[in-house]
Amino acid sequence: MTQQTQRLAEVRWDPRALDAKWQARWDRDGLYRWHADGRGEKWYELTMYPYPSGDLHIGHWYAYAPYDAHVRFQRMSGKNVLAPFGFDAFGLPAENAAIRRGIHPHTWTMGNIENMRRQIRSMGCAFTWDQEVVCCLPEFYRWNQWLFLQFFKHGLAYRTRAPAVWCPSCQTVLANEQVVAGRCERCETPITRREMDQWFLRTTRYAEQLLDFSGLVDWPEKILLMQRNWIGRSPGVEVAFDISHLGLEEKGLRVFTTRVDTLYGVTFMVLAPEHPLVPKLTSPERRAAVEAYVEEARRKSDIERLSTEREKTGEFLGTYCINPVNGERVQLFTADYAVAWYATGAVMGVPAHDQRDFDFAKQYGLPVRVVIAPPDWKGAPLAQAYVAEGVHVNSGQFDGMPNSRGVEAMADHLERTGKGKRVITYRMRDWLISRQRYWGTPIPIIYCEKCGTLPVPEGQLPVLLPEDVEFKPTGDSPLARHEGFMRTRCPQCGGEARRESNTIDTFVDSSWYFLRYLSPHDLQHPWDPELARKWLPVDQYTGGAEHAVMHLLYARFFIKALRDMGLVGFGEPFLRLYNQGVILGEDHEKMSKSRGNVVAPDDYVQQLGADVVRCYLMFLGPWDRGGPWSTAGINGAARWLNRVWELMARDPAEQGRDEANPEAERALRSAVHRTLKKVTGDVGAFQFNTAIAAMMELSNAMQDAWEERKAGVAVWREAQESFLLMLAPLAPHLAEELWEKTGRAYSVHQQPWPKWDESLVAAQTITLVVQVNGRVRDRLTVPAGITEAEAKEQAMASANAQKHIGSAQVRQVVYVPGRLVNVVVG
RNA sequence: GCCGGGGUGGCGAAAUGGCAGACGCGGAGGACUUAAAAUCCUCAGCCCGCAAGGGCGUGUGGGUUCAAAUCCCACCCUCGGCACCA
């Protein structure tokens with residue numbers, strides 16, 4: 001309920017007229033058009049394209065305004081910049097709108113794009129609009145299909161039946177990455193599982209390469225860590241437990257363990273309820289109980305199943321397997337604490353050395369056998385699993401060995417005897433890309449009864465989305481009910497065939513959209529190979545950290561795969577990454593409609609102009625941390641720009657004196673050059689808040705200098721000019737207007753970024769701090785070039801320092817050049 | 001539970017071994033005004049003091065150092081990620 005309690009300040013210019021004037025002019029003059037062969041080092045600076053939800057949120061402003069300032073700064077710094085923009089235009093909300101309100105997804109999406117394009121233009125961003133990409137247009141998605149076929153050809157796209165993650169609300173399967181804490185990432189509905197035929201991309205083949213971040217120039221450590229955790233590399237040993245006595249086709253039950261050293265401690269075996277061997281290994285007398293258990297597990301949501309608080313449950317299968325190291329019979333159980341999708345889906349139960357197994361063993365009265373002795377262990381039963389280091393006991397030939405060596409020794413032994421092998425297991429799964437929805441790229445596959453699964457011939461692309469479709473949510477793709485779409489001819493035998501009815505996950509679009517920006521309307525190639533050679537990879541990428549293991553991981557996978565297919569010449573899509581933080585509501589809470597704390601940027605832009613909103617967002621705190629919106633805060637930005645407006649428009653001749661005061665002039669120039677240095681470093685490093693603070697200090701200093709009337713016209717001009725150049729990336733409209741008003745040649749945005757003079761950066765006098773025993777007792781103004789001896793002498797002579805030194809013995813005098821003298825007494 | 005970021009005035013924050021609180025918001029007082037708004041000036045971490053000055057102060061407790069918001073150890077809170085991963 002944080003209604004706008006604060007009144008908005010008034011700005012001294014007409015914000016709507018000023019914004020419109022310059023936006024039209026820049027547009028007309030093609031100021032931000034991309035010249036692929038233009039002068040200057042190429043610089044591809046990309047911001048994550050938005051989903052066209054219909055309205056520009058303050059979060060979009062927070063993502064794009066600082067990004068734009070950085071882009072403009074790079075341009076002024078002499079780089080040849082590509083800064084494209086587009087729309088992630090396929091996806092569920094469009095289809096949901098169609099279901100709810102009967103608007104066609106295409107109509108809804110394109111209308112939203114038009115509106116958002118207008119809103120984004122109102123920010124005054126220097127995007128290269130000519131390169132715009134809209135994913136839902138056939139000119140884009142035909143290449144999605146083409147790329148899918150390349151993956152298919154290279155064995156990187158495949159179809160299989162698997163218990164896929166299902167969102168009952170979105171009525172589609174999801175990728176593992178789209179599940180957050182057992183819920184759909186998009187609508188927070190608890191997910192279930194469904195056995196379905198699905199298309200996958202073989203991301204796991206690249207697991208090892210995706211863990212190699214050496215090709216990146218500058219990514220946040222946090223994102224690397226999240227990707228590392230997601231991939232979840234785990235080296236261990238796969239061991240086969242003999243089941244040949246059961247007379248099945250399968251002779252062994254494979255388990256994966258990272259603790260092969262505990263192999264002698266196995267007292268039971270657990271199979272996930274969905275494990276394919278569960279039915280085969282169940283004895284007739286146990287069948288009813290086991291089937292009931294499996295059925296119950298199937299019904300439970302992942303949230304219920306994965307709760308670690310739950311008591312362990314399971315069912316005895318009535319059969320046994322044989323431990324390969326000691327020949328013991330081991331009881332087989334199914335229990336839902338084993339998950340089917342990880343490793344082999346079966347776990348060896350070592351209750352003495354794994355807490356989960358311990359809990360299960362307690363529950364079912366299974367034996368606990370210690371094989372790694374805790375220090376000073378006398379054979380007493382354990383109260384909980386012992387997971388630390390120790391020495392092997394009850395482990396045959398390995399007794400007496402420290403278990404750290406036992407891990408290697410047993411792995412060697414198993415490999416020698418052919419009963420096991422070292423393997424690396426990954427947590428990451430292959431990427432499930434088929435969706436049972438309409439508003440996406442149709443998967444270009446044809447099913448022929450005679451010829452099987454066939455790719456649509458490239459010459460027949462694109463497979464267009466039919467327009468006349470019924471959008472009822474049924475759990476299957478609306479395309480499946482469109483006979484005109486489904487019915488086709490087999491490209492091989494010419495007989496009747498059916499099309500694939502699923503569409504492609506929109507994260508495929510974003511895995512390569514940055515390549516399409518180079519030549520968005522090219523009908524011959526997905527991207528222009530010449531331009532790609534020159535312009536890729538992306539030099540700087542900015543966007544939210546929420547895409548750490550989805551978009552960013554998929555895109556890295558995609559590019560590595562394209563590289564291996566010979567389609568691109570680089571292996572990492574984004575060299576540098578910067579994640580902006582999240583803008584919160586005025587109440588410091590996450591913005592949401594239900595909290596009523598959502599800030600609508602349009603209102604502020606209308607009243608205060610784009611530049612005020614931009615500057616405030618950059619000033620409110622470090623960009624990567626985000627922070628709460630403040631109406632009072634934005635008034636501060638408006639007031640500052642008001643002062644700037646008035647100060648910069650002044651005619652230096654009005655106050656400039658004929659005989660200027662050299663010291664005052666030097667002080668003003670020094671302030672200007674110090675600010676140039678600071679702002680150059682800060683804006684380059686995305687530290688906009690401190691850059692603006694430094695500019696506020698400079699404008700304050702200039703105001704003081706004006707009142708003192710000691711600086712000459714030339715110095716004053718230099719100060720004004722430098723200020724406006726620094727202001728240009730931050731407040732582009734205002735800077736341009738003032739640049740014009742002060743008689744300078746259009747455009748401020750085409751000026752070179754100003755350089756500072758290092759000799760002017762250094763101050764002439766410094767404040768020397770005098771400490772006694774680390775406490776500040778005096779401050780002296782001394783020449784910057786003061787010698788150590790002089791500094792110490794003056795410090796000792798300070799009356800207040802003397803008072804604290806008194807008659808005590810001076811033990812040490814620490815001198816920090818240019819900063820302080822610390823007299824240590826006592 | 002594990003991993004990572006963060007904790008500094010009334011608020012957003014700055015300072016990454018050397019003057020804590022730059023810059024801004026909010027606040028108080030003053031100028032201008034018939035008045036208000038806007039604008040400008042002054043004050044402003046807390047405590048004692050008329051002042052000069054002094055004491056205390058960067059989540060908590062300890063440590064290293066001439067000197068710690070900053071480095072080290074332990075803990076608390078908070079935000080994010082992962083979580084029965086064998």
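Convention: sequence-line order gives letters A, B, ...; per-chain numbering from 1. What you see is a predicted model; the values in this text were computed from it and never measured.
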**Q.** Min side-chain heavy-atom separation A/Tyr264-A/Asn323 under 4.5 Å
**A.**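 They are not in side-chain contact.
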Q: Can you check each nucleotide of nucleotides 49-54 of chain B against protein heavy atoms at under 4.0 Å and return B for base, S for sugar-phosphate only, - for none, in 5' to 3' order?
A: ----SS
Q.
If we ignore hydrogens and angles and just use 3.5 Å, is the side chain of A/Tyr604 paired with the main-chain N or O of A/Thr631 as donor and acceptor?
A.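 It does not hold such a pair.
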Q) Do A/Lys312 and A/Phe360 meet the cation-pi criteria used here (NZ or CZ under 6.0 Å from the six-membered ring centre, within 45° of the axis)? A)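 No cation-pi geometry.
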Between [N] and [M], how far apart are the two [atom1] atoms, rounded to whole Å?
N: B/A68; M: B/U58; atom1: C1'; answer: 11 Å
N: B/G5; M: B/A28; atom1: P; answer: 41 Å
N: B/A69; M: B/U16; atom1: P; answer: 13 Å
N: B/U34; M: B/A44; atom1: P; answer: 32 Å
N: B/G61; M: B/C66; atom1: P; answer: 23 Å
N: B/G80; M: B/C84; atom1: C1'; answer: 22 Å
N: B/C43; M: B/U60; atom1: C1'; answer: 34 Å
N: B/G26; M: B/A13; atom1: C1'; answer: 14 Å

To the nearest angstrom, how far is [X] atom [atom1] from [N] atom [atom2]?
X: A/Arg233; N: B/C3; atom1: CZ; atom2: C1'; value: 19 Å
X: A/Met695; N: B/A14; atom1: CE; atom2: P; value: 18 Å
X: A/Trp230; N: B/G4; atom1: CH2; atom2: C1'; value: 17 Å

Q.
Counting only heavy atoms from other residues, nucleotides and ligands, does the tally under 6.0 Å from CD of A/Glu589 exceed 12?
A.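 Yes, enclosed.
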Q: Between A/Trp341 and A/Asp704, just flag the one whose closest nucleotide in RNA chain B comes earlier from the 5' side.
A: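 The 5'-side residue here is A/Asp704.
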